[in-house]
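Reviewing the structure listed below.
In the text below, chain A, chain B and the rest are named by the order of the sequence lines, each starting its count at 1.
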Protein chains: 2
Amino acid sequence: MKKFLNETENFVDEMLDGIYLAHPRQLTYVNDDKRCMVVTNRKSGKVGITTGGGSGHLPLFLGYVGDGMLDGAAVGGVFQSPSAEQMYEVTKAVDQGAGVLYIYGNYSGDIINFDMAAELADFDGIKVRQVVGNDDVASSVVGEEHKRRGVAGIFFVYKAAGAAAAEGLDLDEVTRLADKARLRTRTMGVALSSCIVPEIGHATFSIGEDEMEIGMGIHGENGISRKKLAPADAVVDEMMERIFAEQDYKSGDEVAVLVNGLGGTPKEELYILFRRVSQLFTERGVTAKHVWVGEYATSMEMAGASISVLHLDEELDRLIASPANTPFFCHTKI
Amino acid sequence: MKKFLNETENFVDEMLDGIYLAHPRQLTYVNDDKRCMVVTNRKSGKVGITTGGGSGHLPLFLGYVGDGMLDGAAVGGVFQSPSAEQMYEVTKAVDQGAGVLYIYGNYSGDIINFDMAAELADFDGIKVRQVVGNDDVASSVVGEEHKRRGVAGIFFVYKAAGAAAAEGLDLDEVTRLADKARLRTRTMGVALSSCIVPEIGHATFSIGEDEMEIGMGIHGENGISRKKLAPADAVVDEMMERIFAEQDYKSGDEVAVLVNGLGGTPKEELYILFRRVSQLFTERGVTAKHVWVGEYATSMEMAGASISVLHLDEELDRLIASPANTPFFCHTKI
């Protein structure tokens, strides 16, 4: 295991030390627990938005805590859910009287703990809504979308909800818009190599030197098919075929696209993938209006990529375009 | 070789296609050559700043072309210098009558070609100045700094010069400030694994499963020592010892710090490294006022990291703090 770390059991807490030391003006924590992260400047009267999930996916999840995005995040161990208590503490800290929206990925541990946190918050009179990201097309068939995992596409849900809350919309409206972004987002991923969880110390799975796995999850969950690594354009074509099959794009439509590296893949290659994504949309008369290419939801050092597409409409376009500023993500009007 | 690519000979040009397709409002090219990149909105009367160098280091070099940073970049093949002709074309395009500053790394191919481009520009009456980044402490001893390679610390030179030009300062003043940032920047790197150049198809060098190489260059140039991988804090201590030896930090001083991933190292680990960097400065009474942690100068998929430190003074602090916005880098006042 070639990693920069001290004792493996301190991996997450030392990472958090580093984050708070690097970004003291933007991030802090509550309840004397570094895993209960909140923004330093909570805005009075605004709907609070929190997330949570396992570590090992930076900038997911905590990297989106900041202006125009999220107000807090509960941080778990590597690939582990944070506790209900931690989520509850974050909830109390970010609530400004307008209620709190939870946005997180569709994993059983997170669901159980966020549900419990919502109940605890309810006792305190804090209104809580939940939107559970399930954008990973590979993880279940059409008709069983509720079984799908949440992966990189949750970025668009954060962005839309964060902008809506920053505009001063109320909890019902922020929730409606987050849910609309969720319903209109699809992601497909492909893995080329495994990640290594520090506490385990060896590769989560093995994959041949000439193989790729289409549809693999961000913790190494099984994908749809393992096959010989194909040229980049053919890989994109196969991934996009499944996204096109589920979204009814018409000529003149607009989309937001996120080509996301899983950790070990150079940005150069991600742009080669985007080139083909762009060609496929252009062929259909669809405009990729907002584009992000880089690392937005990783699996430690896993080589691979995912493509997320948000089918825009007028109000989603407005929310995706609006500015945001976190220590890990910055977006300004161009 | 597990890479997302089509034909290896098209790697750089398809990457550039992807970049122009992703960021059409910010980036374009001149002379009908995609390797001659310039910003779309060149500001009249402003000193132009250009860079250039080999591909495979994203976001270096072209990723810093944008508002508040650079006006153009000549793009070479993977780890290869662009041509003098390409640098000259970029120079002509960015010159707005106030002259052009070249900022690039200390590699012989780049020096030869930038010198030739400067001569061609001189025939056209374009004033050109040059600042050659040489921040890599590991690549030569004190007293022979002119032999040192330019690595991630060039980021600070771009940032300072870009801000100075955006303020409307003249060519001599922008050059003075860029050179001051250069002289006050030091970098140390450590590699854990090799990169793979697409056209070559196999690892540039081999390194044992439990080894690291302190001081390795970003093309795999030899470092200072190869040894058993140590705990993260010990690695940082060894790297920072050489930086501290060359910069006279006094209690009350301020620095800007860049903890840079070389491509394959997760952000989580970079923050563990920064934690220790921060501790070492705090022990000395020095404040890390501006901090960036992430990938700023890579070597394709190489695992490893570098630490760059800029010793601030009042005017460098002002320039480093000022806003910038490129497709790969965004900085706003917090």
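- Nearest approach of A/Glu268 to B/Leu58, heavy atoms of both residues: OE2-N, 2.9 Å.
- A donor-acceptor pair is defined here as one N or O able to donate and one able to accept, closer than 3.5 Å; such a pair exists between the side chain of B/Asn6 and the backbone of A/Asp233.
- A donor-acceptor contact shorter than 3.5 Å links the side chain of B/Lys2 to the backbone of A/Glu211.
- In terms of non-hydrogen atom pairs under 4.5 Å with chain A, the most contact-rich of B/Val78, B/Asp17, B/Asp13 is B/Asp17.
- Of all the listed residues (B/Met302, B/Met212, B/Gln279, B/Glu269), the one sharing the greatest number of non-hydrogen pairs under 4.5 Å with chain A is B/Glu269.
- With a 6.0 Å radius and a threshold of 12 heavy atoms from other residues, nucleotides or ligands, A/Glu241 has its CD atom at or below the threshold.
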Worked verdict on B/Phe4 versus A/Val236 for side-chain contact (heavy atoms from CB on, under 4.5 Å): CA-CA 10 Å; B/Phe4 294 118; A/Val236 171; over 6 Å; no
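- Salt bridge annotation for A/Lys267-B/Glu295: present, with a cationic side-chain nitrogen under 4.0 angstrom from a carboxylate oxygen.
- For A/Phe329, no part lies under 4.5 angstrom from a heavy atom of chain B.
- Interface remark: A/Leu192 contributes backbone and side-chain atoms alike to the contact with chain B (heavy atom separation under 4.5 Å).
- Chain A forms more heavy-atom pairs under 4.5 Å with one residue of B/Gly56, B/Ala288, B/Gly263 than with any other, namely B/Gly56.
- Annotation: maximal heavy-atom pairing with chain A below 4.5 Å, among B/Leu273, B/Val293, B/Val235, occurs at B/Leu273.
- In this structure, the separation between CZ on B/Phe11 and CD1 on A/Ile272 is 4.5 Å, given to the nearest 0.5 Å.
- Both the backbone and the side chain of B/Ile19 come within contact range of chain A, judged by heavy atoms closer than 4.5 Å.
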Where do B/Glu14 and A/Tyr271 land on the side-chain contact (heavy atoms from CB on, under 4.5 Å) test, with the steps shown first? CA-CA 8 Å; B/Glu14 291 187 356; A/Tyr271 276 100; over 6 Å; no
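- In terms of non-hydrogen atom pairs under 4.5 Å with chain B, the most contact-rich of A/Leu5, A/Leu16, A/Val291 is A/Leu5.
- At a 4.5 Å heavy-atom cutoff, B/Ala303 makes no contact with chain A through either its backbone or its side chain.
- Contact annotation for B/His57: only backbone heavy atoms (N, CA, C, O) come within less than 4.5 Å of a heavy atom of chain A.
- The two atoms that bring B/Pro266 and A/Met300 nearest to each other are CG-C, 3.6 Å, heavy atoms only.
- With respect to chain B, the highest number of heavy-atom pairs below 4.5 Å among A/Gly63, A/Gly261, A/Gly18, A/Ser193 belongs to A/Gly18.
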